[in-house]
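Presented below is the structure to which this report refers.
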Amino acid sequence: MAHKQWYQMTAEEILQTQQIEPSKGLSTEEAGKRLEEHGRNELSEGAKVSPVALFLNQFKDFMVLVLMGATLISGLLGEYLDAITIIAIIIMNGILGFVQEFRAERSLRALKELSAPNAKVLRNGSLELLPAKDLVPGDIVLLESGDRIPADLRFLEANSLYVEESALTGESVPVSKHTDMLANDEVPLGDQRNLGFMGTMITRGTARGIVVRTGMATEMGKIADLIQSTESMETPLQHRLEQLGKLLIIVALALTVVVVIAGIVHGQEPYGMFLAGVSLAVAAIPEGLPAIVTIALALRVQRMIQRKAIVRKLPSVETLGCASVICSDKTGTLTQNKMTVTHLWVGGEILEVTGDGYDPRGDILQNGKSADIRNNQMLRRLLQVSVLCNNASLFEEKAEHKRKKGADEEPAGTWNIKGDPTEGALVVLGAKAGLTHQSVDGLYRRIGEFPFDSERKRMSVLVEHQGGRMVCTKGAPDVLLQQCSYVLWENRVIPFTQTLKQKVLAANEGMAKNALRVLGLAFREVKPTERCEEEYEVENGLVFIGLTGMIDPPRKEVRDAIAKCRKAGIKTVMITGDHQSTAEAIAKQLGIMPSNGGLALNGQQLSQMDDDELDGRVEDTYVYARVSPEHKLRIVKALQRKGHVVAMTGDGVNDAPAIKAADIGIAMGISGTDVSKEASALVLSDDNFATIVAAIEEGRGIYENIRKFIRYLLASNVGEIMTMFLAMMAGLPLPLVPIQILWVNLVTDGLPAMALGVNQAEKDLMQQKPRGARENIFARRLGWKIISRGILIGLCTLAAFWIVLKQGEGDDALVKAQTVAFATLVMAQLIHVFDCRSSRSIFHRNPLQNMYLVLAVLSSLVLMLAVLYIPQLQPIFKTVPLHWMDWIIVLIFAGIPTFLMGIGSVMSKPAKKKTLRYGGAKPVAR
């Protein structure tokens, strides 16, 4: 076994290696020994973390610990409302984090559910039904249609055997299995046709196999191990907010200490300065930031649900915004997952078939015009055989909504097929020409069938009609030609010469090069005395009719979505279990492969590369075909090593490790397995690639909104600190008393910042390159905007305070000046919030566009006026009513920071935009 894989061994070698007699199986004693040696046939979940430990882990974050300290300080100051609010924020974030991590732990449990509960096993010479977990290497297992394969096994017998392996290999249709050995050293998982894998389903036929791998040694076990060993990526948002929180706390506390010391040095009362300093610290630390981020993300999630994207992990919404590569599965995501006949070859001529998916409303075009089926005997016979030699059926699922009032037509339903996808494509082809099972059943009655199998590579049915009996056959063209003696040519049956056969083979090759799955069709009339009991008796002397070329066509909207990604600097990569020729053809149709060329690699080539070689080619590769779960994981990690933020989509069990390892894992909602969904952060309810692009747009929007309310919050906090700092350094009285500082914090930080979280995206959002994975939150001049606006707000507030203070004398003048400073600071921040809506200035966007923001500002304005003009509140907040002359001073100085910088922005020449290369700008290395 050191030099041979299981698929390279003959059945005799397997039995000899496992020391098994195929008629008896293992003895109970031997099975017990092997169970002790190999362990139970079940998947390990790894070390479990208790729910209590998971919940407590949520409160170890640095920002959370600081918020707890802020709660204590607020309580000591008597600000119980602030203390309760902060506690609520901490608990809400803790519950959210716990739910996310607890759900992530369920992916392995979902994987275990794919294991078969029981298996029919040969033990001690008799057939027994045993729990699948008791299987051991060497057990002989019997399988039939509908059974789930309980362990990895090598087939000893296979009768018309087909296995659904899409969840494991990505193969879009059930694959045929056989018992022959495979000679090659490196055979991709999808091509190991003599092996059956744990968790896959028998769809047709019967089999007998010998167990070769159990438990964690199986292919499914390898995936479980990959899921366990793959660490979930911390999202860029989580990383940046953690850094930001630490920075803000250090800076705020340092400046607060400086303000307190400066005040005491300049003769202020120490106790009063201590209270003012603590109030300033509480106000300066944006304890509401986690809550605002959470609420903004939650609101955006509702928008994404409307766009068919269901978010499972809130921080992942923002991660989408910096995705620089989308690794997408092909079947069902980029394509419709509906096999469709697109071309026919009859009588030496190519005909085009139009239509969408399984919808029978289409046409057959000959030289660009509708084909004359009535007078074209070749085409009519081809369509007839397509429907007769077929077990699939076409049906319409009626739309649930009722017909609209005044409309003449019933609402359109959804067309679907029941049966094999390839046969379904032929049924739809016939329906486009008006031939259905219902229309031919009255003329033809099936009296026999010879099912398709992997050895004959064809299927035949025997039908009875008024003129006698007829055999209809379909199959692989190269095999079918050997059974044909005649051909339907120019509406006549003529001998099938070698020259005509070469024409058919050339047409077959041409269709295959365009990634079409090609089937040949034939028929013949059966004589009344002829025996028709065996395949060989009917499948000879056939009349060849023509070829049908089918493909799983690309979704209509995907090409535009990929073009949109390219404009946004996002590279699209196809990773599929399908064949390389098919994958490349679809990639070229969709524009995934760039016009100046690009690489395509298959699983065998990937296996021969080390990580350094893969890293050297990953930037120029756009298609990966015939890949295994390990390959997918390697591709994702190689892209991440190159500094990319990777979004990985998939629907199968084989996709789960790569989905979990990716920066943003995306699962299919319709075709996806529970395993892939549990490992993902985002689920597409329509399995559509275009939905990923819409989600990326939402992700970019939410990140820009987060930057906008961080800009607003920090500029406001800088303004508050600078007001106090400059006053203390200048030896002036306190411009704000502690209660006013806390009220400014309450009035300006909550609702306006939250309203920025639902701000509409700017028009050029999807024309910008992706930001780097480790881009600083203050990048793109955000830090300058925060500091410059904050300093201006502080200077203008202090100027208004100083002007009013100089107009009078005594305590009354000081109280009035402090009231003016309070009103100026609040108004400056409420005006500044409209400036934060745009990345340029207040003049570049309609201030009334975001009505939530308008209402939030009006609410804050009412709260401010309440403490100025309600007599009962004036003593508490140390305020006096302001005269209209005072309001002129307030509004002038409050408007200067925003309008002065806005005018400067309008007058400055905008920077010239750089043209993005395909796939986006080179990412920043991690």
Side-chain angles (χ1 to χ4, degrees), residues 104 107 223 225-240 242-243 312-313 315-329 565 568-576 592 598-599 601 603 605-607 609-624 627-650 654-667 676 679-682 692 695-696 699-700 703 769-776 779 917-926:
S107 58
I223 292 173
D225 186 56
L226 286 173
I227 293 175
Q228 287 178 18
S229 59
T230 301
E231 293 183 4
S232 297
M233 295 296 296
E234 183 187 52
T235 72
L237 178 63
Q238 291 169 322
H239 177 74
R240 283 191 287 269
E242 184 180 356
Q243 286 184 325
R312 295 185 63 251
K313 300 175 183 177
S316 64
V317 177
E318 176 272 337
T319 314
L320 278 166
C322 52
S324 57
V325 175
I326 302 174
C327 295
S328 177
D329 187 27
C565 282
I570 302 168
K571 177 182 177 181
T572 306
V573 176
M574 181 193 291
I575 303 179
T576 178
I592 290 175
L599 297 178
L601 297 174
Q605 293 169 317
L606 282 170
S607 296
M609 292 182 185
D610 59 23
D611 286 347
D612 290 338
E613 192 175 355
L614 178 58
D615 289 353
R617 301 181 73 174
V618 73
E619 292 281 15
D620 300 316
T621 305
Y622 294 83
V623 173
Y624 297 89
V627 292
S628 69
E630 291 89 347
H631 292 145
K632 294 183 179 185
L633 189 58
R634 285 187 66 201
I635 294 163
V636 168
K637 290 187 173 180
L639 287 165
Q640 288 174 334
R641 284 194 296 271
K642 284 292 186 179
H644 287 288
V645 175
V646 182
M648 173 72 198
T649 76
N654 60 329
D655 298 312
I659 286 174
K660 186 178 178 184
D663 298 276
I664 174 78
I666 304 171
S676 62
S680 70
L682 188 76
I692 302 173
I696 286 175
R700 287 191 175 191
Y703 180 68
K769 68 178 182 180
R771 64 187 181 278
R774 299 300 182 196
E775 179 190 272
N776 192 291
R917 70 174 177 85
Y918 188 91
K922 188 174 181 179
V924 180
R926 293 174 178 235

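FYI, side chains are in, hydrogens and waters are out, and symmetry mates aren't considered; it's all heavy atoms of this structure.
The closest donor-acceptor contact from the side chain of Lys571 to the backbone of Glu619 lies under 3.5 Å. Ser324 contributes no side-chain N or O that, together with a main-chain N or O of His644, makes up a donor-acceptor pair within less than 3.5 Å. Remark: the backbone N or O of Ile326 is not paired with any side-chain donor or acceptor of Thr572 at under 3.5 angstrom. Side chain of Arg634 to backbone of Leu614: no donor-acceptor contact under 3.5 angstrom is found.
In plain terms, the two heavy atoms of Gln605 and Leu601 that are nearest each other are OE1-CA, 3.3 Å. Across all non-hydrogen atoms, the minimal contact from Ile570 to Ala323 is CG1-O, 3.5 Å. Gly665 and Ser680 get closest at one heavy-atom pair: O-CB, 3.5 Å. Cys322 and Val645 get closest at one heavy-atom pair: O-CB, 3.2 Å. Pairing each heavy atom of Ala661 with each of Gln640, the nearest pair is O-NE2, 3.1 Å.
For the pair Pro657/Glu630, no side-chain contact is recorded, criterion being any heavy-atom separation below 4.5 Å from C-beta on.
One distance of note links CG of Asp329 with CE of Met574; it measures 9.0 Å at 0.5 Å rounding. The distance from the OG1 atom of Thr649 to the CD1 atom of Ile666 is 6.5 Å, given to the nearest 0.5 Å. Note that OH of Tyr624 and OG1 of Thr576 are 14.0 Å apart. Values are rounded to the nearest 0.5 Å. Separation of atoms CD1 (Ile635) and CE (Met648) is listed at 7.5 Å; rounding is to 0.5 Å. Note that CD1 of Ile696 and CG of Leu682 are 10.0 Å apart. Values are rounded to the nearest 0.5 Å. Interatomic distance, Asp612 CG to Arg641 CZ, rounded to the nearest 0.5 Å: 8.0 Å.
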Exercise for the section: Show your working on side chain to side chain contact (heavy atoms under 4.5 Å, CB included) between Val325 and Lys642 and close with a plain yes or no. Expected result: CA-CA 11 Å; Val325 175; Lys642 284 292 186 179; over 6 Å; no
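For the side chain to side chain contact (heavy atoms under 4.5 Å, CB included) test with Val636, the passing option among Asp663, Val646, Ile659 is Val646; the others fail.
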